[in-house]
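Notes follow the structure.
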Number of protein chains: 2
Amino acid sequence: MTGQVRTVDGRVAGRRGQATRQKLLDCLSEMLSSSPYRDVKVIDVARRAGTSPATFYQYFPDVEGAVLEIAETMAKEGAGLTELVAGRSWVGKAGRQTAEDLVEGFLTFWRKNDAILRVVDLGAAEGDKRFYKIRMKILNSVNNSLADAIKDLQSRGKVDKDTNAAAVAGSLVAMLASVAGHQKGFQSWGVKQSELKPSLALLVHLGVTGKKPAK
Amino acid sequence: MTGQVRTVDGRVAGRRGQATRQKLLDCLSEMLSSSPYRDVKVIDVARRAGTSPATFYQYFPDVEGAVLEIAETMAKEGAGLTELVAGRSWVGKAGRQTAEDLVEGFLTFWRKNDAILRVVDLGAAEGDKRFYKIRMKILNSVNNSLADAIKDLQSRGKVDKDTNAAAVAGSLVAMLASVAGHQKGFQSWGVKQSELKPSLALLVHLGVTGKKPAK
DNA sequence: ACTTGTCCTGTCATGCCGTCAGCTTACCGA
DNA sequence: TCGGTAAGCTGACGGCATGACAGGACAAGT
C-alpha cells in the first residue's frame with residue numbers, strides 16, 4: 001500500500017538509505033522542539049545528523065516536505081485517540097470518567113507531539129490543504145466519535161434535537177487542541193495543570209450531555 | 001510615554017521616515033496574509049513597499065521585530081473586546097444574548113486580524129515571551145471579564161463553588177480563539193458559519209452558568 | 001577481481017541576509 | 001540666500017543557505 005520509500009530522484013532506498021532518512025527526520029524533530037520553525041535550516045538538520053545538506057535534498061524536497069512526513073507518522077498514531085470516546089458511556093459516573101479520560105489522553109498526546117503539532121496547526125491555519133488534512137485526520141477521530149455520542153443522546157431524547165452535533169463536537173475538540181497547545185501558557189496565567197483538567201472535563205461533559213457530571 | 005519613534009541606529013524619525021516605516025508595516029501585513037510566515041522575506045516586503053532592504057533594517061531589527069510592532073497595535077485594539085462581557089448579565093434571555101454577542105465579536109475580530117494572530121499564536125506556542133505577552137493582552141481582557149462573571153455567579157450561589165473560574169474562563173477563551181483561527185477549516189468539515197455560532201454561544205453559556213440558555 | 005546499483009558529498013550558481021559608507025533630501029538659523 | 005546639520009535612502013559587499021549535479025565510496029552479488 002505505502003509502496004517503497006523512494007528518493008527525490010526516483011531511486012528506491014535500501015537499508016542504509018532508510019536509516020539515514022530516518023535519522024534526518026529524527027534530527028528535524030529535535031530541531032523543531034528547540035528552535036522556532038522559521039529558523040530551522042536544512043544545513044543545521046544535516047549537520048546534526050552528521051551528514052550534508054545534499055543528502056537531505058536526496059530524500060526530501062524541502063523542510064516542509066520532511067515536516068509533512070513526520071506529521072503523517074504522528075497522525076497515524078493519533079488516530080488511536082478514537083478509543084478515548086468510541087463506545088463509552090456518557091451517563092452518570094461513567095460519563096464523568098469518559099470526559100476525564102478524554103481530556104487526559106488528549107493533553108498527553110499533545111504534550112508528546114507539541115513541536116510538530118504547532119507546525120501542523122500553523123500550516124492548516126495558513127490554508128495549506130496538506131497540513132489541514134493531517135490535522136483533520138487527528139481531530140476527526142475524536143470529533144466523529146464525539147458527534148456520534150451526541151447524536152446518540154439526541155435520539156434517546158436526552159439532548160435537545162436542535163443542537164448541531166458536529167458543530168459542538170468540533171468546538172470542543174478545538175478547545176482541547178488549543179488548550180493543549182498552550183499548556184505552558186496557562187501556568188503563567190496562574191492556572192495549574194491539576195486545576196485545568198477538571199475544568200476541561202467539566203466543559204466537555206457539559207457540551208456533550210448538556211448537564212453537569214455526577215459526583 | 002511612548003517616546004518618539006526611533007530608527008535602529010538611534011535617529012528620531014521625522015514625517016517622511018514614519019510614513020516609510022508605516023508603509024513597510026502595511027506591506028508586511030499584506031504579505032503575511034498571502035504567503036506562509038516562513039516564506040516572508042525582507043527583500044519582498046521592501047520591494048512591495050517600493051524601497052530597499054537596507055531601509056527595512058533601518059526601522060526594524062528583523063522580520064520578527066516588525067511583526068511584533070504590528071501585533072502590538074492590534075493588541076491595543078483587541079483590548080476593547082472586554083466590553084463584550086464586562087458588566088453584562090448572564091441570566092435569562094439577556095444571558096443568551098451576552099453569549100451570542102461575545103461569540104460574534106470574537107469571531108469578527110479574529111477574522112479581521114487572522115494573519116497576524118496566526119503568527120502571534122505560533123510565537124506564543126513556541127514559548128516566545130514577547131508574543132505570549134501580546135496574546136495574553138488580547139485574551140486577558142475577555143478572560144478576566146469572564147472569570148469575574150463566573151465568580152459573581154458563584155458568590156450568589158448560582159454556580160458550584162468548586163469550579164475554578166479562571167480555568168473555565170481560560171478554556172472557553174481558548175476555544176473561541178482556536179475556532180476563530182480555523183473558521184475556514186470548519187467549513188470543509190461540513191459545518192457552516194451560521195451553525196457554528198449558536199453552538200459556540202451554547203458552550204460559552206453552559207460553561208459560565210452551568211445551564212442551557214433560555215429560549 | 002569485477003560489475004552493479006545504492007549512497008553520500010564536493011562544488012557551484014543563485015539568491016537572501018544584514019551591515020556600512022556615502023549620497024541625496026529636507027529643515028533651519030544666520 | 002546660503003551653508004550646516006540631521007534625516008532618509010541605497011549600492012555594494014561578505015557571508016550563508018539553497019538546491020542541482022556529477023562523480024567517488026561503498027556494499028553485495030557473481
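Below, chain A is the first sequence line, B the second, and so on; all start at residue 1. Side chains are part of it too, since the values below use all heavy atoms of this structure and drop only hydrogens, waters and symmetry mates.
B:R16 comes within 4.0 angstrom of sugar-phosphate atoms only, judged by non-hydrogen atoms across all strands, and of no base. Among the heavy atoms of the strands lying under 4.0 Å from B:R15 are primed sugar atoms or P, OP1, OP2 only; no base atom is included.
With B:Y37 as the aromatic partner, B:R118 does not meet the cation-pi criteria of under 6.0 angstrom to the ring centre and within 45 degrees of the ring axis.
A salt bridge (Lys or Arg N to Asp or Glu O under 4.0 Å) with B:R130 is found for exactly one of B:E72, B:E69, B:E64, namely B:E64. A side chain to side chain contact (heavy atoms under 4.5 Å, CB included) with B:E126 is found for one member of A:S33, A:S35, A:P36 and no other, namely A:P36.
Interatomic distance, CG of A:D121 versus CZ of A:F131, reported as 11.0 Å (0.5 Å rounding).
Listed by chain and residue number, B:T55 satisfy the side chain to side chain donor-acceptor pair (under 3.5 Å) test with B:T51 (two or more places apart in sequence, or in another chain).
When all heavy atoms of A:P198 and A:E195 are compared, the pair lying nearest together is CD-O, 3.3 Å. The shortest heavy-atom contact between B:L117 and B:F109 is CD1-CE2, 4.2 Å.
At the phosphate of D:dC9, OP1 or OP2 sits under 4.0 Å from a side-chain N or O atom of B:T20.
Note that the first and last nucleotides of DNA chain C, 5' to 3', having any atom under 4.0 angstrom from a heavy atom of chain A are C:dT6 to C:dG10.
Non-hydrogen atoms lying under 4.0 Å from DNA chain C are contributed by A:T51, A:S52, A:A54, A:T55, A:Q58, A:Y59, all within residues 41-66 of chain A.
Using a 4.0 Å cut-off between charged side-chain N and carboxylate O, A:R48 and A:E30 make a salt bridge.
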